[in-house]
Amino acid sequence: MRRSNHVVKYYADVTSKKVRWLWYPYIPYGKITLLQGDPGDGKSTLALYLTACLTSGAVRPDGQANCSPESVIYQCEEDGKSDTIRPRLMALKADCRRVAFIEQDAKDPLTLDDSRIASAIKETKAKLLIIDPIQDYMRDLNQSDVVRKMLTKLDRTAEKTGCAILLIGHLNKRQKAKALYRNFGSIDFIAVCRSVLLVKRLNSHSAVRYLSQIKNSLEEQGPDYAFEIPPDGGINMIGPVSIEEEADLDLEASMSKQDLAGSYLLEWLKEQDLLCVTIYERLKEKNISVRTIDYSKKKYGIKSVKKADGWYWHLPDEAEDINTDGGDENDGTE
């Protein structure tokens, strides 16, 4: 007679434990997070900013301070390590001595189920592993059983090591599809990942990006979070915002708000440069949206300047001659 080899256990014997967060409630430790967005919308910049926060021991976006600097594995084959990735890390004040990558070559490419990933996490004691983009580390994005098997192994690696794993993915071209279904390849990516994030811009000319959480299996979904990528590089975290109304905002209907925001900006910045965060807080109190502030900044030629304690907004000398009633020819609404 054949004996069954299964073992029955009860959840009463399972020890409960709390989820730990790298960035609450967006990126959990010991789980996989998917960060998606269109090319150029700031996915990699945000990931490198988090890398800088952890490796330098800086304050994280939620205001939590690191107890000590941590190691990060940033795996990227799209950009050059010497002419792109390292300079960007240094610009963000990351400690490059704590940012590792797994060497590979064409004969032995790295995949998401590769045993080298777990070994590298253990060797470096990394608290964050970033795969940028996932398309470069998959054998078949559309074959569900293959994707599920690879992600399940990666998920176990995250759980065993306690490392937060951040997968960065490009969106497909189905613009009318819901954000949850715009990932490249199998829907299993969405199913396995505990948190799914989307980076987007409301306008192609905007320096402000919005991080939206479209899935959270561990907590209530977090609020939309705004951050700015100035033309001269770096990143400026603005904070939680609401963009539901802004997404359907008619630009012409918002002109009076833009002019109001512009008048405040010109008045304040003629006196002195101000921290970007301070400006957003002041104008938020006056019921002026982040998107309108962003348009007004562009309209009046206001610049972002990096100083020792953060990003400031600076009014160029020639801005004093701007006609605040009419603005320039296109009113900054291109």
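The residues of the chain are indexed from 1 along the displayed sequence.
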message: Would you say that Leu128 contacts Leu166 through its side chain, given a criterion of any heavy-atom pair below 4.5 Å between the two side chains?
response: yes
query: Would you say the side chain of Arg148 lies within less than 4.5 Å of the side chain of Val192, judging by non-hydrogen atoms?
result: yes
query: Does any donor atom in the side chain of Ser56 or Arg98 lie under 3.5 Å from an acceptor atom in the other side chain?
result: no
- request: List, by chain and number, the other hydrophobic cluster members for Val7, where Ile, Leu, Val, Met, Phe, Trp and Tyr join if side-chain heavy atoms come within less than 4.5 Å, directly or indirectly.
  value: none
- prompt: Under the criterion salt bridge (Lys or Arg N to Asp or Glu O under 4.0 Å), which of Lys297, Lys298, Lys306 is the partner of Glu228?
  reply: Lys297
Check ion pair Arg116-Asp108 (N to O, under 4.0 angstrom): yes
CA sep, side-chain torsions, deciding dist, call: Phe227, Trp311, ring-ring contact (aromatic ring centres under 6.0 Å, His included): CA-CA 11 Å; Phe227 61 98; Trp311 285 96; over 10 Å; no
- request: Could you check if a side-chain atom of Leu92 sits within less than 4.5 angstrom of a side-chain atom of Ile235, using non-hydrogen atoms only?
  value: yes
message: Could you check whether Lys307 makes a cation-pi contact with Tyr312, meaning its NZ or CZ is under 6.0 Å from the centre of the six-membered ring and within 45° of the ring axis?
response: yes
- prompt: Do you know the tightest heavy-atom contact between Asp294 and Ala207?
  reply: OD2-N, 3.7 Å
Distance-only side-chain donor-acceptor flag, Ser195 / Gln213, under 3.5 Å: yes
query: Between Trp23 and Tyr26, how do the two ring planes meet: parallel, tilted or perpendicular, split at 30° and 60°?
result: tilted
message: So that I can tick it off, tell me whether Arg201 and Asp41 are bridged by a salt bridge, with the cut-off set at under 4.0 angstrom between side-chain N and carboxylate O.
response: yes
